[in-house]
Protein chains: 2
Amino acid sequence: MTTSGQAAGKRRRTSARILECALELFERNGFESTTVAQIAAAAGVTEMTFFRHFPAKEQVLLDDPYDPLIAAAVADQPRTLRPLVRTVRGIRQAWSRLSEPESDLVRRRVRIVAESPALRAAAWRNNAETERLIVDQLVRDGTDRLRAHAAAGAALAALMAALFEWARHDDILLAGCIDIALDTVDSDDG
Amino acid sequence: MTTSGQAAGKRRRTSARILECALELFERNGFESTTVAQIAAAAGVTEMTFFRHFPAKEQVLLDDPYDPLIAAAVADQPRTLRPLVRTVRGIRQAWSRLSEPESDLVRRRVRIVAESPALRAAAWRNNAETERLIVDQLVRDGTDRLRAHAAAGAALAALMAALFEWARHDDILLAGCIDIALDTVDSDDG
DNA sequence: CCCAAAAAGTTATGAGCTAACATTTTGCGG
DNA sequence: CCGCAAAATGTTAGCTCATAACTTTTTGGG
């Protein structure tokens with residue numbers, strides 16, 4: 001390489017610093033009451049630099065790598081199942097491998113998101129891309145758009161409920177919450 | 001009366017003018033590209049006045065009277081049903097009485113909302129209150145928080161899917177879309 | 001026609017975000 | 001170790017949404 005990624009180390013370090021400072025400020029003072037200027041100052045950078053690392057204030061919390069995995073997992077499910085069941089199983093599979101160390105960071109972020117209506121809404125906007133991927137997959141396999149959309153939306157809503165409830169406690173397991181939430185939607189058969 | 005609502009007529013007229021101007025501009029140029037200043041100018045008022053009538057730009061489109069009815073309708077369902085089924089039936093009942101004339105206005109607004117990711121997210125924030133009411137009702141009747149949240153979220157997601165799909169066409173019936181979407185989630189039994 | 005209250009205007013301010021251009025920092029090839 | 005191109009960051013200026021404090025206009029009943 002040598003050409004692309006000259007000072008990539010510095011960039012990652014700055015990103016991490018901004019992220020950590022932002023999380024601490026959000027936890028201490030709340031998301032809305034924390035300004036980008038404060039975060040930037042705490043991280044020793046300019047507002048401009050903050051926005052170069054995170055396209056928006058909310059993206060500090062919402063830029064997670066798990067969502068894209070869902071669409072792939074849904075595609076893996078047998079095409080003979082009902083759309084909702086396929087989606088539910090895909091989500092279950094995608095979230096089954098969340099290691100303990102990262103689990104703590106995820107919990108911190110979800111906790112902050114759960115507190116703010118604006119952030120919960122923003123989380124849905126983030127989900128939109130995942131939802132679109134699931135819908136496309138289901139439609140490709142013969143489900144009509146409306147049913148596909150309803151199934152994907154409902155399953156993701158259940159997932160969000162599981163994440164928010166999980167984040168409210170310190171000791172419960174995420175997998176358990178996801179199972180309960182998805183069972184509520186999926187009822188039984190398969 | 002006489003004391004409260006001195007010049008209420010003028011206020012309503014101004015609101016209606018702002019609403020109509022905003023809708024036309026949104027339809028012509030898109031939601032994001034339309035500034036509050038443009039809307040205000042078109043309606044012959046100041047930006048300040050715009051915000052006195054609508055707390056935020058998005059509220060021109062999202063301030064609908066139907067959502068609150070849902071929580072009440074859910075409460076009306078037999079408490080013996082599963083939470084998801086109760087919620088689905090409540091939604092079905094609440095949206096069953098949408099008269100034709102208002103239907104056109106609703107469709108205009110939903111169409112604009114469907115176009116913008118930011119607006120779709122904002123619609124979810126609007127739903128949050130409805131969701132809370134449903135959850136509270138279910139919890140009061142013995143369902144645990146997580147299951148209640150999952151059921152309410154999933155059912156509302158299906159409703160949104162129905163509204164968005166319905167708004168994409170000119171000739172289909174909303175009731176039909178809602179039935180299909182909710183059936184996808186509710187599967188069958190009751 | 002007068003007058004209290006409601007509606008709308010004025011001015012100022014702050015936060016989030018973007019764009020154009022200048023400056024510093026980084027790390028590899030010589 | 002030094003220079004150099006690219007990457008990272010800083011600077012400045014501006015737009016839009018939104019809020020607050022204060023003033024002026026408009027409304028409709030007595």
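Being a predicted model, the structure only gives us computed values, none of them experimental. Chain identifiers are assigned alphabetically (A, B, ...) following the order of the sequence lines, protein sequences preceding nucleic acid strands; residue numbering begins at 1 within each chain.
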Between [atom2] on [N] and [atom1] on [X], what's the gap in Å once rounded to a whole number?
{"X": "A:K10", "N": "C:dT25", "atom1": "NZ", "atom2": "C1'", "result": "5 Å"}
{"X": "B:L25", "N": "D:dT16", "atom1": "CG", "atom2": "C1'", "result": "16 Å"}
{"X": "B:F54", "N": "C:dA8", "atom1": "CZ", "atom2": "P", "result": "11 Å"}
{"X": "A:I18", "N": "D:dA8", "atom1": "CD1", "atom2": "C1'", "result": "11 Å"}

Residue A:V45, side-chain atoms from C-beta onward, closest of D:dG10, D:dT27, C:dT26: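 Given the options D:dG10, D:dT27, C:dT26, the side chain of A:V45 is closest to D:dG10.
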
Nucleotide nearest B:R11 when distance is taken to its side chain, options C:dA7, D:dG10, D:dA8: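 Closest nucleotide among those given: C:dA7.
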
Side-chain donor/acceptor of B:R52 to base of C:dA7, under 3.5 Å: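 There is none.
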
Phosphate contact (D:dA8 OP1 or OP2) by A:H53 side-chain N/O below 4.0 Å: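 So the side chain of A:H53 is outside the cut-off, no N or O lying under 4.0 Å from OP1 or OP2 of D:dA8.
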
Any A:T14 side-chain N or O less than 4.0 Å from OP1/OP2 of D:dT9: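 A:T14 to D:dT9 OP1/OP2: side-chain N or O found under 4.0 Å.
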
Nucleotides 11-16 of chain C: protein proximity per nucleotide (B base, S sugar-phosphate only, - neither; heavy atom, under 4.0 Å): -----S

Those residues that, when tested against B:W124, pass ring-ring contact (aromatic ring centres under 6.0 Å, His included) (two or more places apart):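 With neighbours one apart ignored, the set is A:W124.
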
If you measure from the Lys or Arg side-chain nitrogens to the Asp or Glu carboxylate oxygens, is any gap between [X] and [Y] under 4.0 Å?
{"X": "A:R97", "Y": "A:E102", "answer": "no"}
{"X": "A:R132", "Y": "A:D136", "answer": "yes"}
{"X": "A:R109", "Y": "A:D64", "answer": "no"}
{"X": "B:D186", "Y": "B:R82", "answer": "no"}

A:R111 (side chain) donor-acceptor with A:A167 (main chain) under 3.5 angstrom: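 Indeed, once roles are kept as given, a pair shorter than 3.5 Å links the two residues.
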
Residues in contact with DNA chain D, drawn from residues 111-124 of chain A - heavy-atom cutoff 4.0 Å: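 Heavy-atom contacts with DNA chain D come from no residue of residues 111-124 of chain A; none.
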
Position toward the 5' end of DNA chain C (nearest nucleotide), B:G44 or A:R13: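 Closest to the 5' end, via its nearest nucleotide, is B:G44.
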
Pairs where residues 153-164 of chain B contributes a residue and the test side-chain hydrogen bond (donor to acceptor under 3.5 Å, both in side chains) is met, not counting sequence neighbours: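 Applying side-chain hydrogen bond (donor to acceptor under 3.5 Å, both in side chains) to every pair that reaches into residues 153-164 of chain B, excluding sequence neighbours, yields nothing.
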
Qualifying residues under side chain to side chain donor-acceptor pair (under 3.5 Å), relative to B:D179, sequence neighbours excluded: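 If we apply the side chain to side chain donor-acceptor pair (under 3.5 Å) test to B:D179, skipping adjacent residues, the hits are B:R92.
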
Indicate every side-chain donor-acceptor pair of residues 36-50 of chain B with a distance under 3.5 Å to a residue at least two apart or in another chain.
| from | atom 1 | to | atom 2 | distance (Å) |
| --- | --- | --- | --- | --- |
| B:Q38 | OE1 | B:T35 | N | 3.1 |

